[in-house]
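Have a look at the structure below before the remarks.
Keep in mind it's a predicted model, so treat the numbers as computed, not measured.
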Amino acid sequence: MKSKQAELILLIVGIFWGLGYITSDNLLNSGMNPYTVIGYRFLIGALGVYILSPGRLKYNFNELKKCLIIGGILFLGMASQTVALNYTTTTNVSLITSLNIIFVPFIVYFISGKKIELKNIVAAIIGVFAIYILVGNMSALNIGDLLTLLSALFYALHISFIGKFVGEMDVKKLVIGQMIITSIMGFIIAIFLGSSIIHEVSQVHLYDLLYIGLISSSLCFYLQNLGLRYTSESKGSLILSTEALWGMIFSIILLHEPLTINIIIGAIVLMVAIFIDEIF
C-alpha cells in the first residue's frame, strides 16, 4: 500500500469518528442513558473486532490487569464525553476533545519520564487559547465544556498507556479486553442508576447504535492500524485529528448548530496547535 492510500484511509477514519458525535447525540436525544450507550457501543465494538480478526482469546493475570487499566481509563473518557453532550454543543465536544493529542506528551513525561519539547509547551498554550476563543472566555465554560476537557485528559492518558502496553501483549487481545471492560463498567453504572438497559435499547434507532459500535469502534480501529503501518506517526496523528473538524461540520449541517466567528477562529487556532505539536 502506498503512503497516499494509507493517508486517505486515515482521513476516512477521521470522517467516521466525526460523524460518530452525531449518532451519539441522537442516542442521547432518544432517551438512552449515557452509560447504556457506552455499554452497548463497546460490547458491539468488541464483537466487531473479533469478527474482523477471529481466533482464540486467552488472558493471563498480567494481561487482564493491563486491560482493566486502559479499559477503566477509556470508560472515564467516554463517560465524561458522552455526558458532556447533554450540556454543551456537539461542535464544542468535537473540538475540545481534540486537545488530547496536545496533552499526550505531558502525560508520557509523568509515566515514563520522556522529555517534553518546547513545541509541546507552545502547542499546549495555543490550545488553551483556542478554547478561550471557542467559548468566548474562560468564565463562559459550562459543565459540558469542562467535562469534555476532562475527557480529553482521559483520552490522552489512554493513548499513553496503550503506547506503554502495546508492545507487551497481542494488540487484538488488548483492544477486545479493554472494550469488554469498558462495556461492563457502562452497564454496571447504568443499572446502578436505575436504567433499564433492555427497554432503552428498544427505544432508539438501531442504525445509530450499530454505527458507533461497528463503524466508529470496530471498523475505525481496524482501518486506523492499517493506515498507520504505511505512513509516519506525525502525519497519521495529524490526519486523524481532523475528526474535530468533521465533527464540527456534521454538527452544523445535520444538527443545525450555529456557525459563529468564534467557532471558526477557535477551530483554526486549535488545528495550528495540533500541527505544531505533531509536525515541527
Side-chain angles (χ1 to χ4, degrees), residues 3-4 6-18 21 77 80-81 88-89 91-138 140-141 145-146 148-164 166 220 224 227-251 259-280:
S3 61
K4 293 298 180 184
E7 289 159 13
L8 177 60
I9 286 174
L10 294 176
L11 179 61
I12 291 171
V13 171
I15 294 171
F16 283 161
W17 277 345
Y21 290 108
S80 303
Q81 184 188 67
T88 190
T89 63
T91 297
N92 277 21
V93 170
S94 63
L95 290 174
I96 295 174
T97 298
S98 66
L99 283 173
N100 73 83
I101 295 173
I102 298 171
F103 293 151
V104 168
F106 297 92
I107 292 176
V108 169
Y109 169 76
F110 287 107
I111 293 175
S112 61
K114 185 178 179 180
K115 183 180 177 181
I116 298 173
E117 299 180 29
L118 178 60
K119 68 173 185 176
N120 304 136
I121 298 173
V122 172
I125 293 171
I126 296 175
V128 172
F129 182 58
I131 295 180
Y132 178 85
I133 296 172
L134 187 63
V135 301
N137 58 72
M138 289 306 180
L141 282 170
D145 297 324
L146 292 172
T148 306
L149 190 58
L150 182 62
S151 77
L153 285 168
F154 281 128
Y155 286 145
L157 189 62
H158 180 251
I159 292 169
S160 301
F161 271 106
I162 284 182
K164 181 179 175 62
V166 74
C220 281
Q224 178 190 24
L228 288 174
R229 288 181 188 175
Y230 300 98
T231 190
S232 67
E233 184 179 294
S234 57
K235 273 190 178 180
S237 298
L238 186 62
I239 294 169
L240 289 170
S241 71
T242 62
E243 165 197 353
L245 292 180
W246 292 113
M248 178 186 73
I249 291 169
F250 288 131
S251 299
L259 179 60
T260 65
I261 188 65
N262 282 43
I263 289 175
I264 295 173
I265 297 175
I268 292 172
V269 173
L270 190 56
M271 289 300 105
V272 168
I274 292 172
F275 184 83
I276 290 172
D277 191 63
E278 295 295 326
I279 297 297
F280 289 104

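- Going from atom CG of Leu99 over to atom CD1 of Ile126 covers 12.0 Å, rounded to the nearest 0.5 Å.
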Worksheet entry | Candidate pair Leu149 and Asp145, rule side chain to side chain contact (heavy atoms under 4.5 Å, CB included), full reasoning | CA-CA 6 Å; Leu149 190 58; Asp145 297 324; over 6 Å; no
Worksheet item: Yes or no on side chain to side chain contact (heavy atoms under 4.5 Å, CB included) for Met248 and Tyr21, after CA distance, side-chain angles and deciding distance?
Response: CA-CA 9 Å; Met248 178 186 73; Tyr21 290 108; over 6 Å; no
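- The CD1 atom of Ile101 lies 13.0 Å from the CZ atom of Phe275; values are rounded to the nearest 0.5 Å.
- How far OG1 of Thr148 is from CG of Leu95: 10.0 Å, rounded to the nearest 0.5 Å.
- Here the straight-line distance linking atom CD1 of Ile96 with atom OG1 of Thr91 works out to 10.5 Å at 0.5 Å rounding.
- In terms of heavy-atom proximity, Val93 sits nearest to Gln81 at CG1-CG, 3.7 Å.
- In this structure a side-chain-to-backbone donor-acceptor pair under 3.5 Å is present from Thr89 to Asn92.
- Put simply, CG on Leu153 and OG1 on Thr97 are 10.5 Å apart, with the number rounded to the nearest 0.5 Å.
- Listed here is the closest heavy atom pair of Gly247 and Ser94: C-OG, 3.7 Å.
- Between the Thr242 side chain and the Ile239 main chain, a donor and an acceptor come within less than 3.5 Å of each other.
- Here the closest non-hydrogen pair linking Ala273 and Ile102 is CB-CD1, 3.7 Å.
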Item to complete: Take Phe250 and Ile15, measure what side chain to side chain contact (heavy atoms under 4.5 Å, CB included) needs, and give me the verdict at the end.
Response: CA-CA 9 Å; Phe250 288 131; Ile15 294 171; 3.9 Å; yes
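- Interatomic distance, OG1 of Thr260 versus CD1 of Ile265, reported as 9.0 Å (0.5 Å rounding).
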Fill in: Ile107/Phe110 under side chain to side chain contact (heavy atoms under 4.5 Å, CB included): CA gap, chis, key distance, verdict
CA-CA 5 Å; Ile107 292 176; Phe110 287 107; 5.7 Å; no
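- Listed here is the closest heavy atom pair of Trp17 and Cys220: NE1-CB, 3.3 Å.
- The heavy-atom pair separating Ala267 from Leu245 by the smallest distance is CB-CD2, 4.0 Å.
- Smallest separation of non-hydrogen atoms from Phe103 and Ala156: CB-CB, 3.6 Å.
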